[in-house]
Amino acid sequence: EATGPTIVAGEILVEIMASERGQGFLEPLALTGPYPSGAPAIFIDQVAKLGGGAGIIACVGRDDFGAINLERLRRDGVDVSAVSVSDRYPTGSAFVRYRPDGGRDFVYNIAESAAGRISLTEEARRLADGAGHLHVMGSALSIAGLKEIVAYAAKAVRARGGSTSFDPNVRKELIDGADGAHFSALVDDADLLLPSGDELLAAAGVADERQAVAALIARGVGEIVLKRGAAGSTRFGADGSRTDCAGFVVEEVDPTGAGDCFGATYLTCRRNGIEPGKALLYANAAGALNVTRLGPMEGLAGFDALDRFIAGTDRAK
Ligand code: ATP
Ligand code: MG
């Protein structure tokens with residue numbers, strides 16, 4: 001296993017939430033935020049919280065929304081040397097309102113924000129050249145410029161004997177469409193695949209969980225960790241092993257960020273040599289703790305806080 005930080009690339013955003021549940025944004029509302037956000041930012045901040053080396057390739061605007069994100073990432077120990085600051089475009093944003101049924105309505109500004117201006121800068125190359133692990137998120141692949149960064153970073157990390165992980169949270173159209181080959185290559189290449197729900201079946205292109213796991217392992221995936229929301233998670237090893245881990249019983253206040261927080265925790269435990277079953281337990285704890293807090297990055301926790309949470313919280317089943 002190569003040394004060097006875990007790195008990610010993609011969108012840094014602020015999230016602004018409606019204070020009350022309801023449908024959409026069609027009348028004046030009380031809002032709360034801005035909160036630091038963006039799936040890659042959530043992921044990498046959690047890696048740093050656990051004491052792992054961490055860096056991010058991204059772009060923010062020269063504004064307060066960018067400043068609160070940079071401040072948070074720096075405070076928690078993330079290398080932000082490869083975050084460029086745009087003078088022309090504002091930091092990306094996501095307005096979210098939870099519906100009474102638990103669904104969500106969004107208004108995004110990503111593609112036309114600084115987040116859409118991400119590119120393979122000198123600083124990005126430097127960060128990738130020293131990295132030991134690359135985590136790729138499917139959701140970020142629609143950003144122009146990201147494919148080039150991912151291709152460069154994957155090659156650099158591989159050249160050093162490092163590893164990769166992939167969260168295939170991609171819209172179905174992307175898997176079927178012209179980007180399908182790129183998506184498949186990222187799946188095949190992943191040492192660790194982190195799907196949630198039906199993404200496992202979509203990534204394998206089959207309709208049954210066991211078949212999907214077998215197909216993906218045959219394609220070269222090293223291990224698969226399936227996220228099951230409140231029910232917890234399951235790990236499938238390349239040796240045919242299966243490990244289930246029940247979820248923690250918590251009151252879900254804000255589900256955004258649980259998956260990224262979970263993935264970052266599992267990966268960082270594994271990079272630290274923690275065995276799969278214990279890594280799953282920590283990851284479940286990190287995801288569960290995260291959903292109890294308002295704001296996608298407000299519930300991120302280090303090992304001490306996770307140990308306290310595990311000791312004091314019941315588990316499902
Ligand atoms: P997101 O909703 O952020 O896209 P995801 O769908 O990728 O995330 P989830 O399965 O929702 O991932 O959450 C990841 C992990 O966090 C779960 O496997 C579980 O361990 C924990 N978790 C999420 N929601 C809850 C909950 N309501 N109660 C307990 N644990 C939870
Ligand atoms: Mg979820």
Side-chain angles (χ1 to χ4, degrees), residues 8 10-11 13 15 17 35-47 49-50 94 96 98-99 101-106 108 135-141 165-172 190 192-203 209 223-236 242-270 276-301 305-306 309-310 312-317:
V8 293
E11 74 279 11
L13 310 173
E15 186 160 314
M17 280 167 279
Y35 289 102
S37 188
I42 298 166
F43 186 99
I44 207 64
D45 203 65
Q46 176 62 8
V47 172
K49 282 255 181 185
L50 295 170
V96 58
Y98 292 98
R99 296 194 200 127
D101 67 5
R104 286 177 269 187
D105 288 317
F106 286 101
Y108 286 117
H135 177 70
V136 180
M137 342 199 112
S139 56
L141 292 176
S165 48
F166 183 47
D167 185 336
N169 54 346
V170 184
R171 283 174 297 114
K172 187 86 170 60
L192 167 62
L193 196 67
L194 288 157
S196 118
D198 288 346
E199 290 163 6
L200 172 64
L201 308 180
E209 187 173 295
E223 59 179 321
I224 301 166
V225 175
L226 180 63
K227 295 167 276 182
R228 300 184 189 275
S233 56
T234 303
R235 184 232 186 215
F236 303 93
R242 172 187 175 129
T243 312
D244 290 297
C245 191
F248 289 89
V249 179
V250 294
E251 194 201 334
E252 184 176 293
V253 174
D254 178 2
T256 308
D260 299 310
C261 181
F262 172 97
T265 304
Y266 184 80
L267 172 73
T268 304
C269 286
R270 299 291 281 132
K278 188 83 202 247
L280 275 187
L281 184 70
Y282 273 124
N284 272 2
L289 186 56
N290 190 250
V291 304
T292 64
R293 298 286 297 275
L294 200 63
M297 283 166 66
E298 306 313 304
L300 303 186
L306 291 181
F309 176 83
I310 290 168
T313 313
D314 288 336
R315 294 175 64 203
K317 275 198 242 166

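Start at 1 with the first residue, then count along the sequence. Computed from a predicted structure; not experimentally measured. Any value given below was found using the heavy atoms of this structure, including those in side chains, with hydrogens, waters and symmetry copies removed. Counting convention: from 1, in listed order, for ligands and their atoms alike.
Taking a cut-off of under 4.0 Å to the non-hydrogen atoms of G287, the atoms of ligand 1 that pass are 16 (O), 21 (C). Every atom of ligand 1 with a heavy atom of N284 under 4.0 Å away is listed here by number and element: 20 (O). Shown in contact with E252 at under 4.0 Å from a heavy atom are these atoms of ligand 1, numbered in order with element: 24 (N), 26 (C), 27 (N). Against a heavy-atom cut-off of under 4.0 Å, S196 is close to the following atoms of ligand 1: 5 (P), 6 (O), 7 (O). Interface atoms of ligand 1 facing A258, defined by a heavy-atom separation under 4.0 Å, are 3 (O), 13 (O), 14 (C), 16 (O), 23 (C). Close approach of ligand 1 to R228 (heavy-atom distance below 4.0 Å) involves ligand atoms 10 (O), 18 (O). Heavy-atom contacts of F262 reach the following atoms of ligand 1: 14 (C), 15 (C), 18 (O), 20 (O) (cutoff under 4.0 Å).
No donor-acceptor contact under 3.5 angstrom links the side chains of Y35 and T256, judged on distance only. Between T265 and Q46, the side chains place a donor N or O and an acceptor N or O closer than 3.5 Å (distance only, hydrogens not considered). Under 3.5 Å, the side chains of Y98 and D254 contain a donor-acceptor pair of N or O atoms.
Using a 4.5 Å cut-off on side-chain heavy atoms (C-beta onward), E199 and L194 make no contact. No side-chain heavy atom of T234 sits less than 4.5 Å from a side-chain heavy atom of T243.
Of the heavy atoms in P255, only backbone atoms (N, CA, C, O) come closer than 4.0 Å to ligand 1. At a 4.0 Å heavy-atom cut-off, ligand 1 touches K227 through backbone and side chain alike. Contacts between V250 and ligand 1, counted as non-hydrogen atom pairs separated by less than 4.0 Å, involve the side chain only.
For R242 and E223, the salt-bridge test fails: no basic side-chain N is under 4.0 Å from an acidic carboxylate O.
Here the shortest heavy-atom distance to atom 3 (O) of ligand 1, taken over A231, G259, C245, belongs to G259.
Residue-ligand proximity: G229 is placed with a non-hydrogen atom under 4.0 Å from ligand 1.
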| When you look at S37 and E11, which way does the side chain to side chain contact (heavy atoms under 4.5 Å, CB included) test go after all the steps? | CA-CA 9 Å; S37 188; E11 74 279 11; over 6 Å; no
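The closest donor-acceptor contact from the side chain of N169 to the backbone of S139 lies under 3.5 Å.
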